[in-house]
Undergrad: 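Below you'll find the structure I mean.
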Amino acid sequence: MKSHGHSSRELLQSIAHRVMLERGLEPDFPPAALHQVEQLQGPARADDGSGGAKIRDLRELLWCSIDNDDSRDLDQLTVGEELADGGIRLLVAIADVDALVPAGSPVDDHAFANTTSVYTAARVFSMLPERLSTDLTSLNEGEERLAVVMSMDLDTEAKIVASDVYRARVFNRAKLAYNALAAWLEGSGPLPEAAAAVSGLAENLKLQDRGAQKLRKLRAEGGALALESIEPRPVFENDNIRDLEAQEKNRAKELIEDCMVAANGITARFLDGKGYASLRRVVRVPKRWPRIVDLAREFHVRLPEEPDPVALAKFLDERKDADPEGFPDLSLSVVKLLGSGEYAVDLAGEDPPGHFGLAVRDYAHSTAPNRRFPDLITQRLLKAAFLGTPSPYSISELGTLARQCTTKEDDANKVERQVRKSAAALLLSDRIGATFDGIVTGASEKGTWVRVFRPPVEGRVERGAAGLDVGDRVRVRLLSTDVERGYIDFARAGS
């Protein structure tokens with residue numbers, strides 16, 4: 001589909017660039033940052049000023065990366081080891097970005113300005129120049145890299161009985177993609193070729209999966225919320241949008257999610273134990289809990305009057321089983337009522353606010369330093385802790401960084417959401433008058449919204465909305481689209 005002589009991708013890139021500027025984000029790298037990267041000779045070496053911190057050699061382990069099919073900024077590797085007592089050791093290696101991005105350098109200044117990579121429908125606006133994020137600081141297949149490693153020993157109950165954090169040299173033996181690996185783990189597809197080519201990796205992946213599933217079960221018992229959302233990604237053909245595909249959770253995504261949640265907890269506790277203040281990722285106890293109670297009551301479920309993650313998790317699990325098609329919309333309602341996450345400073349020895357949705361008390365962001373600035377800050381704090389040197393950031397500076405990261409992450413989320421809406425409007429722009437089946441996702445004085453099932457897009461019901469409520473199934477007719485603003489308007493087409 002083309003518009004005014006431009007491809008879909010070009011049009012969406014233009015919209016993304018404009019919206020980033022409107023949100024106060026910097027879509028382009030300044031010349032000084034690009035010059036800094038041009039001067040780099042290659043990846044960081046083990047002797048490049050580690051300041052005496054011991055760097056272990058773990059290149060012989062069966063490390064692999066597991067990410068999206070098209071990901072090129074590889075932040076983490078994982079590997080498992082079977083312990084003599086029947087437990088499992090899981091190791092997570094995180095790209096040592098700080099080794100090539102000094103604090104206060106032009107690249108660091110740009111990263112501070114945006115604080116995150118922005119993943120729009122047509123283009124990724126990387127936090128770091130691509131020569132870094134997809135090459136020199138990416139844990140690429142067949143390459144040796146420096147990394148920060150989080151190690152955790154799980155007993156047979158999947159409780160973490162020992163953990164450590166340290167620097168190491170690692171080597172990625174296989175670049176794997178979520179969907180293909182999940183199909184194999186779930187028994188519906190072959191072992192990916194990249195994994196089959198490495199002796200012993202298949203068994204190691206099953207070990208990692210077993211450990212991750214135990215971690216997930218333990219978190220679920222503690223009240224971790226199993227939420228799902230529909231965030232469709234555009235499918236391009238010759239740079240023109242052809243379809244939207246909903247991204248669904250799978251076994252491989254869960255493997256990485258569980259390992260990263262555990263690694264972030266280990267990092268937070270490590271810094272606290274060493275006496276260092278840190279940035280924490282928090283989702284506070286929800287202020288709108290009474291509305292969540294009302295929402296559950298609509299399904300004839302009684303939740304406690306005080307916030308209770310275990311009870312909420314049980315309710316969500318029951319609804320997912322009862323209505324899997326409508327569950328993403330219930331999830332979205334709960335997410336909005338929980339409130340957004342934020343970054344906060346945690347002083348050593350104090351009781352952190354924790355992460356309500358993940359049911360964890362200690363949670364730092366540390367596992368994606370190519371993509372998120374808080375993770376790069378955490379990496380610098382870890383290196384100071386390894387050496388016992390003063391923190392590179394004062395408490396006041398950490399407070400400023402927490403506020404900046406929270407604000408800019410919110411701005412980036414709004415950009416991504418805007419471009420997703422524009423992509424949906426573009427896909428439907430030549431289908432005016434067509435009818436679709438959908439479900440009502442919002443109904444208030446501000447308007448009524450419906451998500452159609454195929455393609456998975458959301459729009460406003462401009463005509464015939466009277467009497468519709470959240471959860472109602474409805475048939476709608478497409479009235480109009482506005483690609484620049486991402487508007488899709490429907491009319492009710494009957495019962």
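Computed from a predicted model, the values in this text were never measured in an experiment.
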Undergrad: Compute both the distance and the angle, then confirm whether Arg380 meets the cation-pi test with Tyr393: under 6.0 Å from the six-membered ring centre, within 45 degrees of the axis.
TA: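 Here Arg380 fails the 6.0 Å and 45° test against Tyr393.
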Undergrad: For atom CD of Gln41, decide whether the heavy atoms of other residues, nucleotides or ligands shown that lie under 6.0 angstrom number more than 12.
TA: no
Undergrad: For Gln36, give me all partners under side-chain hydrogen bond (donor to acceptor under 3.5 Å, both in side chains), at least two apart in sequence or on another chain.
TA: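 Partners of Gln36 by the side-chain hydrogen bond (donor to acceptor under 3.5 Å, both in side chains) criterion, ordered by chain and then number, come out as Ser105.
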Undergrad: Please test Arg72 against Glu130 for salt bridge (charged side-chain N to carboxylate O under 4.0 Å, His left out), starting from the C-alpha separation and ending with a verdict.
TA: CA-CA 9 Å; Arg72 296 168 57 224; Glu130 286 198 1; 3.5 Å; yes
Undergrad: Counting distance only, does the side-chain N/O of Glu141 pair as donor-acceptor with the main-chain N or O of Asn172 below 3.5 Å?
TA: no
Undergrad: Is there a donor-acceptor contact under 3.5 Å linking the side chains of Glu10 and Ser14?
TA: no
Undergrad: Strictly by modelled atom types, are Asp75 and Asn370 linked by a side-chain donor-acceptor pair under 3.5 Å?
TA: yes
Undergrad: With a 4.0 Å cut-off on N to O distance, would you call Lys206 and Asp209 a salt bridge?
TA: no
Undergrad: Ser366: which residues meet the side-chain hydrogen bond (donor to acceptor under 3.5 Å, both in side chains) condition with it, sequence neighbours left out?
TA: Asn264, Thr267
Undergrad: For Lys408, check side-chain hydrogen bond (donor to acceptor under 3.5 Å, both in side chains) against everything at least two apart and list the hits.
TA: Asp411
Undergrad: Test of understanding: with side chain to side chain contact (heavy atoms under 4.5 Å, CB included), list the residues that count as partners of Ser151, not counting sequence neighbours.
TA: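 By the side chain to side chain contact (heavy atoms under 4.5 Å, CB included) rule, Ser151 matches Arg89, Leu91, Asp153, Tyr166.
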Undergrad: Apply side chain to side chain contact (heavy atoms under 4.5 Å, CB included) to Ala122 and list each qualifying residue two or more places apart in sequence or on a separate chain.
TA: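 Ala122: side chain to side chain contact (heavy atoms under 4.5 Å, CB included) contacts with Arg9, Leu12, Gln13, Phe236.
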Undergrad: Nearest 0.5 Å please: distance from the CD1 atom of Ile88 over to the NZ atom of Lys214.
TA: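 Here the interatomic distance stands at 5.0 Å.
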Undergrad: Apply side chain to side chain donor-acceptor pair (under 3.5 Å) to Asn204 and Gln208, showing your working.
TA: CA-CA 6 Å; Asn204 198 276; Gln208 292 182 49; 3.0 Å; yes
Undergrad: Going by salt bridge (charged side-chain N to carboxylate O under 4.0 Å, His left out), name the residues that satisfy it together with Glu186, two or more places apart in sequence or in a different chain.
TA: none
Undergrad: Among residues at least two apart in sequence or on other chains, which ones pass salt bridge (charged side-chain N to carboxylate O under 4.0 Å, His left out) with Asp96?
TA: Arg167, Lys383
Undergrad: Got a sec, which residues hit salt bridge (charged side-chain N to carboxylate O under 4.0 Å, His left out) with Glu143, two or more places apart in sequence or on another chain?
TA: Arg145
Undergrad: Quick test of your reading: applying ring-ring contact (aromatic ring centres under 6.0 Å, His included), list the pairs with at least one residue in residues 21-42, sequence neighbours left out, ordered by first then second residue.
TA: Phe29-His110
Undergrad: Mind checking side chain to side chain contact (heavy atoms under 4.5 Å, CB included) for Ser138 and listing every partner two or more places apart, or none if nothing turns up?
TA: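 For Ser138, the residues satisfying side chain to side chain contact (heavy atoms under 4.5 Å, CB included) (neighbours in sequence not counted) are Leu74, Asn140.
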Undergrad: Would you mind checking if Lys175 and Asp69 are paired as a salt bridge, meaning a charged N to carboxylate O distance below 4.0 Å?
TA: no
Undergrad: For Phe270, enumerate each residue passing the ring-ring contact (aromatic ring centres under 6.0 Å, His included) test, keeping only those at least two apart in sequence or located in another chain.
TA: Phe386
Undergrad: Consider only side-chain N and O atoms of Gln76 and Thr367, and report whether a donor and an acceptor are under 3.5 Å apart.
TA: no
Undergrad: According to side chain to side chain contact (heavy atoms under 4.5 Å, CB included), who are the partners of Asp57, at least two apart in sequence or on a separate chain?
TA: Arg59, Arg169
Undergrad: Do Glu254 and Asn250 meet the criterion of a side-chain donor-acceptor pair at a distance under 3.5 Å?
TA: no
